[in-house]
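This structure is a prediction, so every number in the text was calculated from the model and none was measured. Reminder, nothing fancy here: chain letters follow the sequence lines and each chain counts from 1.
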8 protein chains.
Amino acid sequence: MTLSVYLSGEIHTDWREQITAGAEGLDVVFSGPVTDHAASDDCGVAILGAEDTKFWHDHKGAMVNAIRTRKGIADADVVVVRFGEQYKQWNAAFDAGYAAALGKSLIVLQRPEHDHALKEVDAAALAVARDPVQVVEILRYVLTGALPG
Amino acid sequence: MTLSVYLSGEIHTDWREQITAGAEGLDVVFSGPVTDHAASDDCGVAILGAEDTKFWHDHKGAMVNAIRTRKGIADADVVVVRFGEQYKQWNAAFDAGYAAALGKSLIVLQRPEHDHALKEVDAAALAVARDPVQVVEILRYVLTGALPG
Amino acid sequence: MTLSVYLSGEIHTDWREQITAGAEGLDVVFSGPVTDHAASDDCGVAILGAEDTKFWHDHKGAMVNAIRTRKGIADADVVVVRFGEQYKQWNAAFDAGYAAALGKSLIVLQRPEHDHALKEVDAAALAVARDPVQVVEILRYVLTGALPG
Amino acid sequence: MTLSVYLSGEIHTDWREQITAGAEGLDVVFSGPVTDHAASDDCGVAILGAEDTKFWHDHKGAMVNAIRTRKGIADADVVVVRFGEQYKQWNAAFDAGYAAALGKSLIVLQRPEHDHALKEVDAAALAVARDPVQVVEILRYVLTGALPG
Amino acid sequence: MTLSVYLSGEIHTDWREQITAGAEGLDVVFSGPVTDHAASDDCGVAILGAEDTKFWHDHKGAMVNAIRTRKGIADADVVVVRFGEQYKQWNAAFDAGYAAALGKSLIVLQRPEHDHALKEVDAAALAVARDPVQVVEILRYVLTGALPG
Amino acid sequence: MTLSVYLSGEIHTDWREQITAGAEGLDVVFSGPVTDHAASDDCGVAILGAEDTKFWHDHKGAMVNAIRTRKGIADADVVVVRFGEQYKQWNAAFDAGYAAALGKSLIVLQRPEHDHALKEVDAAALAVARDPVQVVEILRYVLTGALPG
Amino acid sequence: MTLSVYLSGEIHTDWREQITAGAEGLDVVFSGPVTDHAASDDCGVAILGAEDTKFWHDHKGAMVNAIRTRKGIADADVVVVRFGEQYKQWNAAFDAGYAAALGKSLIVLQRPEHDHALKEVDAAALAVARDPVQVVEILRYVLTGALPG
Amino acid sequence: MTLSVYLSGEIHTDWREQITAGAEGLDVVFSGPVTDHAASDDCGVAILGAEDTKFWHDHKGAMVNAIRTRKGIADADVVVVRFGEQYKQWNAAFDAGYAAALGKSLIVLQRPEHDHALKEVDAAALAVARDPVQVVEILRYVLTGALPG
């Protein structure tokens with residue numbers, strides 16, 4: 001069994017690298033969004049031409065990024081959505097809703113201080129993890145049956 | 001043509017009432033979440049019994065609310081998602097993602113200061129409206145072909 | 001909003017009547033299996049001709065009953081599955097799995113002594129209720145926003 | 001033609017090993033749940049933290065196990081569900097219903113004394129087998145056209 | 001519960017009328033193909049213009065009839081397929097396969113002499129009836145729980 | 001049987017009125033796009049605010065019109081797509097492809113001079129009609145079995 | 001591009017071998033039913049135990065064969081259905097309907113004398129071929145763009 | 001991540017070759033229609049026999065081509081639709097609509113002079129590119145995160 005895992009959400013810390021490194025040796029294929037913030041913001045106009053307004057500048061970029069995001073989520077068995085300490089992160093919650101509607105297994109990765117604000121998102125999840133190590137342990141258990149320790 | 005419209009998101013202002021009143025006379029059926037904040041937070045434990053931890057207290061409520069939310073979105077032709085000035089509003093973004101994955105026509109209702117943070121959500125929408133009047137005008141145009149003014 | 005509710009499972013107590021009576025006045029349409037045990041067991045052979053073996057006797061009946069069950073679950077927004085004190089009740093658990101795979105909102109109605117045995121079924125549910133009154137209260141809240149008491 | 005086969009249900013006897021061994025040489029990929037009973041029960045709290053109540057202890061485990069179960073059934077062409085002599089085994093019947101709703105080819109593996117109690121489950125199956133050898137023979141026939149003997 | 005029933009197949013006897021008359025008083029909506037043989041054969045060219053070859057003459061008619069057939073089957077909960085004594089009746093078997101793939105509840109109505117030739121069709125059915133009265137009895141039981149006699 | 005019919009395509013002649021008038025007395029519900037050309041072009045900016053470029057002006061309008069188009073096609077049993085004598089009419093062909101992918105019964109209404117250019121569109125259709133009267137005759141036949149003349 | 005092709009229908013001539021041999025060198029994966037007539041008829045009872053009646057004897061076999069048929073059709077891009085000179089061949093027409101409802105590309109392989117009887121089946125097909133060579137030529141053209149001669 | 005890309009539309013310039021060459025080294029699998037115009041027009045009659053009328057000549061060819069087109073679009077993650085300077089190109093717009101309804105990521109490749117005529121098609125697209133280089137840059141960015149320059 002190969003597990004396809006899409007890593008959605010926060011792009012300012014190295015949580016993706018922690019999970020990828022921790023899962024070494026497991027039969028997992030990871031995917032995720034472009035995490036270069038500047039490239040992600042500007043990809044639309046950089047490729048398809050400048051826009052006069054910030055709204056359409058952003059829009060063109062978001063549309064191009066959607067090609068990657070939709071493919072990643074569509075192919076995923078498991079979608080991990082990480083909510084960080086800052087920012088609105090509405091794209092993360094959007095991905096969670098999108099994944100839930102497609103019937104993907106959802107793992108939310110968040111700090112307890114956001115429990116109340118995330119209760120509807122968590123209600124659609126099969127696991128609420130507090131740090132990347134727990135996500136790795138879930139993947140290991142799901143694939144091998146082995147528990148930590 | 002009857003249009004089913006689900007009104008998702010912010011529950012602290014009267015935007016739903018504005019839309020409902022504005023759309024009087026149009027062939028629209030509105031639905032939405034329970035907007036009594038306290039009832040919405042406590043419905044799980046009030047009906048199914050108290051929990052010792054806030055996490056499961058919230059969880060039980062979110063699950064019960066999901067019965068209504070899922071039904072409303074599943075039945076909707078159009079999902080309007082309102083993002084207000086405050087709070088994380090991750091449930092609103094979750095609903096937007098959920099609706100998008102089901103192929104619903106999405107209208108986002110938000111102030112321009114959130115344009116950048118909402119660019120991925122807006123990219124899945126067929127309209128980004130700035131006030132409830134515009135939502136009413138869209139519904140009127142879609143149903144009757146009449147433009148404002 | 002009209003809610004279609006399928007009442008699956010145990011047929012030896014009056015829990016369906018309690019829910020139906022309790023929900024009077026709410027915009028709910030109830031359906032459920034044939035609850036006349038003898039008719040349900042014998043419908044296949046009574047209509048389509050006798051069988052020499054008990055296996056095919058049972059099989060023909062189960063197939064005819066499936067016409068009603070599938071229709072009821074397919075049309076339902078909410079599927080309530082009641083597990084009683086006795087018997088294997090595998091058909092109830094089967095209905096729960098069937099409903100879950102179709103994305104129906106699932107409410108499990110069971111006594112606490114079955115919590116461990118039902119944990120996988122409960123994991124697919126949006127609510128685990130302990131008595132029919134709680135089911136009624138959920139339906140009332142979902143439809144009207146009103147909490148008990 | 002490679003056949004993906006998910007082996008669901010009873011975890012107290014070696015029926016999975018019998019089928020896997022018997023099917024050696026056939027183009028079959030098997031999957032199934034974690035069959036280490038203790039790990040399966042405790043995986044939720046072992047990874048995601050302890051719970052004060054047995055209900056949520058069980059719930060967290062069942063949710064984590066669902067990641068594996070859903071993936072296994074979603075990928076399967078054939079789902080074999082084994083009902084043993086003891087216990088309620090509601091998770092087995094749940095898996096059968098889940099698989100049936102997804103249109104999977106269902107094989108039920110059970111002793112005749114359960115025929116009546118399983119008649120609704122059997123009615124959704126393409127075969128009711130009495131021992132693991134018969135399951136192997138079905139797989140061999142389906143893949144190669146060869147009958148036993 | 002209203003049951004939508006599509007009556008497919010043989011058009012040379014009055015079996016549809018028998019079922020419709022027998023089901024009087026039940027909450028059933030019947031549909032079926034155009035049973036005027038000549039009209040059914042010629043509808044394509046009668047409306048859309050003559051063809052030089054019989055093949056395209058037939059083809060145009062079959063395509064127009066498909067508008068009705070597809071609608072009828074798509075809307076049906078139950079599809080009854082009648083095989084008569086004569087002719088190839090491949091359209092009946094085609095409808096049965098079409099209905100089965102859509103997950104409709106299938107009832108086959110046929111004489112025993114065709115059992116062997118119809119075994120694959122019967123294998124997809126929830127009931128194999130021998131005369132129209134049995135179909136009526138199934139519909140009555142499914143809707144009311146009442147058995148004959 | 002009520003037939004829902006979406007009338008897509010050319011908006012410069014009165015073909016919709018001809019069909020609607022001709023179908024009087026039949027159990028048909030018609031829908032279609034906004035056919036006021038100016039309103040259709042400007043609806044986006046008229047409601048949601050002006051744009052500096054023609055591209056986004058058009059885009060906003062097309063998105064708002066899509067709310068109506070998608071609803072109409074999604075609800076339709078039959079989609080009639082009319083190709084006129086002039087213009088590119090790519091939206092008509094787009095609607096035809098969209099309807100075909102959803103499995104709708106497609107009727108193309110076109111003049112013979114476009115047969116070659118429309119061969120891929122026609123290949124997905126159940127009827128190629130030459131004038132609105134033929135469409136009415138198809139609807140009458142499908143609903144009543146009556147042929148013209 | 002690899003094309004998965006399911007070869008359904010008549011099992012008394014070597015048409016499958018002709019197509020398979022003719023397609024040598026093309027990127028095609030073929031599948032089909034068990035074509036050993038005796039094995040196909042008896043597989044149910046040979047594996048799962050004898051039945052007293054011919055009906056259930058046949059039924060058990062048809063159900064086991066359905067495991068292979070459903071898998072083959074579900075995995076196929078193209079379903080070729082061959083109607084021979086003799087027999088009712090309702091299973092062939094059933095497969096055609098099943099494949100059509102799943103949106104598979106259907107090729108019917110038949111002699112002209114059956115054109116009228118097969119007109120509804122042909123109406124769902126993308127090609128009506130008269131001999132196996134034509135099927136091979138279609139596959140070659142679809143995969144390589146090369147026409148015969 | 002491997003991206004499957006279907007290249008639909010105009011067949012008179014070398015835009016497919018430009019994209020394929022430009023994407024060398026990227027993890028992309030390209031597919032597309034048969035681009036030999038004569039073969040594409042005549043494939044139906046060349047394989048399946050001549051027709052007396054141009055309409056059915058075209059029809060048979062379009063049906064055979066549909067086997068390839070449907071497979072290519074069904075397997076694609078991204079569908080690029082190129083509109084050229086000439087001709088009606090209704091098949092291109094049809095493919096765009098077909099792809100949109102299946103939820104494929106759509107890229108439209110067109111000159112600005114067609115912006116108004118293509119506004120409904122563009123409204124369903126995630127990118128509107130002006131030359132093949134931009135399509136390559138989108139594919140590169142989606143797969144690697146690298147922007148041009």
Side-chain angles (χ1 to χ4, degrees), chain F residues 8-9 33 40-41 43-44 53-70 73-74 79 81 83-104 106 108 110 112-125 128 130, chain H residues 8-9 33 40-41 43-44 53-70 73-74 79 81 83-104 106 108 110 112-125 128 130:
Chain F
S8 168
S40 173
D41 269 9
C43 61
T53 66
K54 188 67 166 63
F55 184 85
W56 296 118
H57 177 116
D58 280 352
H59 188 74
K60 280 168 93 166
M63 299 294 263
V64 168
N65 283 316
I67 298 175
R68 179 166 169 140
T69 307
R70 289 188 190 180
I73 297 180
V79 175
V81 185
F83 290 85
E85 312 308 294
Q86 309 171 64
Y87 309 112
K88 294 291 192 183
Q89 306 182 78
W90 283 321
N91 59 327
F94 180 87
D95 280 0
Y98 195 92
L102 297 183
K104 304 295 175 182
L106 185 66
V108 178
Q110 45 131 154
E113 54 266 36
H114 286 152
D115 277 1
H116 187 65
L118 281 171
K119 67 183 196 292
E120 288 88 1
V121 178
D122 290 350
V128 176
R130 299 312 187 181
Chain H
S8 169
S40 173
D41 270 8
C43 61
T53 67
K54 187 69 166 65
F55 183 85
W56 295 118
H57 176 115
D58 281 352
H59 188 73
K60 278 168 93 166
M63 298 294 263
V64 168
N65 284 315
I67 300 175
R68 178 166 169 142
T69 307
R70 288 189 192 178
I73 296 180
V79 175
V81 185
F83 290 85
E85 312 308 294
Q86 310 172 64
Y87 308 111
K88 293 293 192 183
Q89 307 181 78
W90 284 321
N91 60 327
F94 180 87
D95 281 359
Y98 195 93
L102 297 183
K104 304 296 173 181
L106 186 65
V108 179
Q110 44 131 157
E113 52 267 38
H114 287 152
D115 278 1
H116 187 65
L118 281 170
K119 67 184 195 292
E120 288 87 3
V121 179
D122 289 351
V128 177
R130 300 311 189 181

- [ ] Flag the one option from F:Leu118, F:Leu102, F:Val81 with the top tally of heavy-atom pairs under 4.5 Å to chain H.
- [x]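 Heavy-atom pairs under 4.5 Å are most numerous for F:Leu118.
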Task: Aromatic plane relationship, H:Trp90 with F:Phe83 - under 30° parallel, 30 to 60° tilted, over 60° perpendicular - done: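 Geometry flag for H:Trp90 against F:Phe83: tilted rings.
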TODO: Return the option, out of H:Arg70, H:Lys60, H:His116, with the maximum number of heavy-atom pairs under 4.5 Å with chain F.
DONE: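 Looking at each option in turn, the highest pair count goes to H:His116.
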Open item on the list: Quick check: closest heavy atoms across F:Phe94 and H:Ala124, and the distance to 0.1 Å?
Closed with: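 Distance-wise, the nearest heavy atoms are CZ-CB, 3.5 Å.
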Open item on the list: Tell me the closest heavy-atom pair linking H:Lys88 and F:His114, and the distance in Å.
Closed with: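 Closest pair (atom of H:Lys88, atom of F:His114, distance): CE-NE2, 4.0 Å.
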Say you draw a straight line from [atom1] of [X] to [atom2] of [Y]; how long is it, rounded to the nearest 0.5 Å?
X: H:Asn91; Y: F:Lys119; atom1: CG; atom2: NZ; result: 7.0 Å
X: F:Met63; Y: H:Asp122; atom1: CE; atom2: CG; result: 10.5 Å
X: H:Asp95; Y: F:Glu120; atom1: CG; atom2: CD; result: 8.0 Å

Task: Per-residue contact mode, F:Val128 against chain H (heavy atom under 4.5 angstrom) - done: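 The side chain, not the backbone.
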- [ ] Heavy-atom distances under 4.5 Å only: say whether H:Ala66 touches chain F with side chain, backbone, both or neither.
- [x] neither
